[in-house]
Structures are given as C-alpha cells and as structure tokens.
Amino acid sequence: MNNRLYGNLIFELSHPGCKGYSLPRNRFGHHELPAYLRRAHDADLPECDELTVVRHYTNLSGNNFGVDNGFYPLGSCTMKYNPCINEETANLPQFANLHPLQPADSCQGALEVEYNLQHSLAELTGMADFTLNPFAGAHGELTGLMIIRSYHQSRHDDKRVKVIVPDSAHGTNPASAAVCGLEIVEVKSTANGLVDVEDLKPLLGDDIAAIMMTNPNTLGLFETEIPEIAKLVHACGALMYYDGANLNPMLGACRPGDMGFDVMHVNLHKTFSTPHGGGGPGSGPVGVRAGLEQFLPSPHVFKADSKFAVSNSSFNHVGAFLGNFGVILRAYTYILSLGRENIKMVGPLATLNANYIKESLKDVYELPITGLCKHEFVFDGLKDKSTDVTTMDVAKRLLDYGYHAPTIYFPLLFHQAMMIEPTENESRQTIDGFIAVLRKIAQEAKDTPDVVKSAPHNTPIARVDDVLAAKHPILTYKQLVNDKD
C-alpha cells in the first residue's frame, strides 16, 4: 500500500518536462487571447506521465468507501442500494445528450418520465401533484415553505410569519424557514422523544404559517400524535409540512397525505436510490395536497391531447429547468424495477433491520428510548460509562474493521448519540457481522480501552486532529512546501 504512488501527492510525483497527453496539430492558426483573460504567471500544475497519473488516482480511489465495497450504516441519509440498471438508464445517450432548451416536441420521452414520476410520487405519498424542480432536500424544504407562504398571501393572511419546528428536527428545517423569511418557534419533545402536544398548544395562533415535522422523527420514532397535531394546526389556520428525509420506513406502509400533511418534500437521492455521498447529486421534489396545485413552481410538466408539454410562469420559480434529470431517471427506474408489489416491502424491511440491530446491542450500548423504532434508532454511547470510551472512539474503531461509521453526535438530544440506520436492502449475514463487531468494540473498551481511543490503526491515515484541521487547513501544495522549509 505505501508505495511511492500511493503515499505521495500528485505534486510530489511531478517532474519538469513530463507530459501525459499529446494534442493534435493546430489547424486553426494562431489567435491571441485578450490580456485580461491571460494569467500573469503559468498555473502551478504537476507534470507527470500518463501511467503515473492513472496509477496515482486509481490508488486514491481505493480509499473511497461506498455501498459497492462495504456496509454503510447511515443509509437513508447518504448511502443505500443503487442498482446498476439505474446508472445504465441515466447514461442512455437518448437521455444524456438532451439539451434543456430543446422544444417539447423533440423530447417527449424525457417529459413522459418527468410526468410519470410526478404521479408515481403523488400516489406513493398521498399527495395530489408534485414538482421535480428542487435540486436537494433543503431546496425542497425552501420550495415547500415558499408554497405555504404563497398560499397564505393569496388569502391576504400576511401575518402568518412563524414556523413551528420540533427540537429534534433536522438542522435544515429552521435554516430553510429562516431563508424563506420566516421566524422559528421551537416545540419541545416529551421524555419519549415525540412532539409534546401540550407544549404545542400555546404556540398555535393566527401568526403561525406551518409546523414542520419529520415522521418518523430523527430518533427513528413514529409520531403517534399526528392526528391530534394536524387537527390543532389546521384549526388555527396553519398548514402541516412533512420533511421527507425519513420516508424510507413509511414507503408501502402509510402515506403522509393520509396523515393530514399538506405539503412535503421527498429526497429522491435517499429513498429512491441515488447515493449522494460527497454532497451530490440530489433532488428534492415537493408535493402538495389537492387545492394547493396552483402554487407549485414552474416549469411543470403536464399532459394535453396525448402529448406532454411544459407550463411556464413566473410563480414560485426555484430553478431554470426541470430538476436534476439524472437523479429523476434513476428514481423512476428504481420504482419501475420494484413495481407496485415489491415497493411495499421497502418500509417493513428497513424497520425490521433497524429493530434487529437495536435489540441485539442494547445490552452493551445505552438505549435512551426503548420500544419499536422505524428505520433508525439512537444509542447514547456505551452502556458501561466507566471505560471513558466515547462515541467518537467507537466510530473510529469501526473503520479498522471495514465498516463505515454511523451518524454520530446527532440528534443533539443525547450527549453521546450514535444513530444507526441500516436500510432495507442489507442481508441478515451483513447485519450479523456488523453487530458482532460492535459487540467486540464494546468488549475492547473494557479490556483494552487505549486501543479503541487511539483508533483507527488500519487506515491509510491515522486519527487526525479534527480541531487543528478545521482551524488551520492546508489547502495548497506550496504551503506544504513552505511548512517543510
């Protein structure tokens, strides 16, 4: 592993005069670039031969962790099953070579995919219609809140400027509300981790625009009081917003629209299988109940006289085109591959896998809230607190055994939070291996705590100083050279 190509930066492999490319002879004559477009000095780029470049980046790619090479126990948030057929569909030249400004008559197949996915998502969630325009979950939240504001403004109800957000919510909820120009009001959770209805009641009034809820919530718990909450919220004239980040365990089991939610977003890249580790790609379609369709943003695909067309208006514009088409293709392929019958198994299997892990480990890891969870659950560190081994230590030690760490230190309700979400597609054998390793780490914390505290030991880079890296990042090769000098 630690050969000269694997352990060095590409700049360290550079030798003056080396070239890894050849350009065809210039057939177009010499044309000077304007001075304002030219660099004052040549770019400081590495000079390497072709094989050195290929080997260097091939070796680096071996450090990437994904569902193709290991278990990733934070699945619905970042990584889940992504069949190769999805990639094949998204890369078909008939789709990949389309231009977003093509006339509708020349891309009827692409518009049919958009139209069919809009209606598939509506059927799966109990909504009336969807827009596919938003490019991420948080973008979907913002779009949904814009729809809610537009609804209230259309009724001249301009005083509704507050959004209620549970204390267990994803951080994007209050952030999206703030970006939309709304004020955030926090509602507390009960000791059981659910929204406290008694704390909610005095917060409701004629200045509330909506309440944002995730169900199951960030603790992986089903919000059992939603019928009562929906009744109270609607009674005060506000709307119910569903954060679709945790839709996985609901899929095929129940629908947000049937629970009383008015607006929601779906993370296609989570529930419908486009892994988005590293920040992209993403897609956050937004659905609305009947009566709110007019507030969906444009452009929007509709069908007229057996042909597909695109409506355009200036209302609630959130993107120039029809969303992240590559993710849309993957999601539609995934839905068609599973079919009406098998998509009903997604939610139950996600729930089964999470509960199996929880029940298998609760004797060695602290389970602050007992009972049935959905697709995810939260431990509060090791049960034996005398070892002084933290959740961070456990996460680092997991890397030594070939497992990606789960989400840690979120939600903020627990000091040593470790959120585990295995997704629906992992086998019993894979999950049993993960459970065995977590039990082994718990034993190591008792017998050899220093080994766990100093982990990882088997990765290309040992434990880094996170604080130092954040405060003094080294972003250029020249700085590295100067530091050595």
Verify salt bridge (charged side-chain N to carboxylate O under 4.0 Å, His left out) between Glu123 and Arg340, making sure each step is shown before the conclusion.
CA-CA 11 Å; Glu123 184 173 347; Arg340 183 184 296 270; 2.8 Å; yes

Between [X] (side chain only) and [Y] (backbone N and O only), is there a donor and an acceptor less than 3.5 Å apart?
X      : Y      : value
Asp400 : Pro456 : no
His375 : Thr351 : no
Ser61  : Thr58  : yes
Ser298 : His300 : no

Quiz item: When rounded to the nearest 0.5 angstrom, what distance separates CD in Glu112 from CZ in Phe308?
Solution: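 The CZ atom of Phe308 is 4.0 Å from CD of Glu112, to the nearest 0.5 Å.
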
**OP:** To the nearest 0.5 Å, tell me how far Phe410 CZ sits from Leu74 CG.
**Re:**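 Reported to 0.5 Å precision, the distance equals 12.0 Å.
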
For Phe379 together with Phe377, are the ring centres under 6.0 Å from each other?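 Yes, ring centres under 6.0 Å apart.
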
Exercise. Is the ring centre of Phe95 less than 6.0 Å from the ring centre of Phe325?
Worked result: yes

Which atom pair, heavy atoms only, marks the closest approach of [X] to [Y]?
X      : Y      : answer
Leu398 : Ala405 : CD1-CA, 4.2 Å
Glu293 : Asp129 : CG-CB, 4.0 Å
Pro297 : Thr143 : CG-CG2, 4.0 Å
Met392 : Tyr409 : N-OH, 3.1 Å
Phe302 : Ala304 : CE1-CB, 3.8 Å
Pro299 : Asn312 : CB-OD1, 3.4 Å

Can you find a heavy atom in the side chain of [X] that is under 4.5 Å from one in the side chain of [Y]?
X      : Y      : value
Tyr356 : Asp432 : yes
Val163 : Ile211 : no
Gln153 : Arg160 : no
Lys358 : Asn355 : yes

Test: Lys159 and Asp157 ion pair at under 4.0 Å: yes

Requested in this report: Inspect the contact between Lys188 and Glu186 and indicate whether a charged nitrogen and a carboxylate oxygen are less than 4.0 angstrom apart.
Outcome: yes

Is it the case that Ser427 and Thr430 place a side-chain donor and acceptor less than 3.5 Å from each other?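 Result is yes, a qualifying pair exists.
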
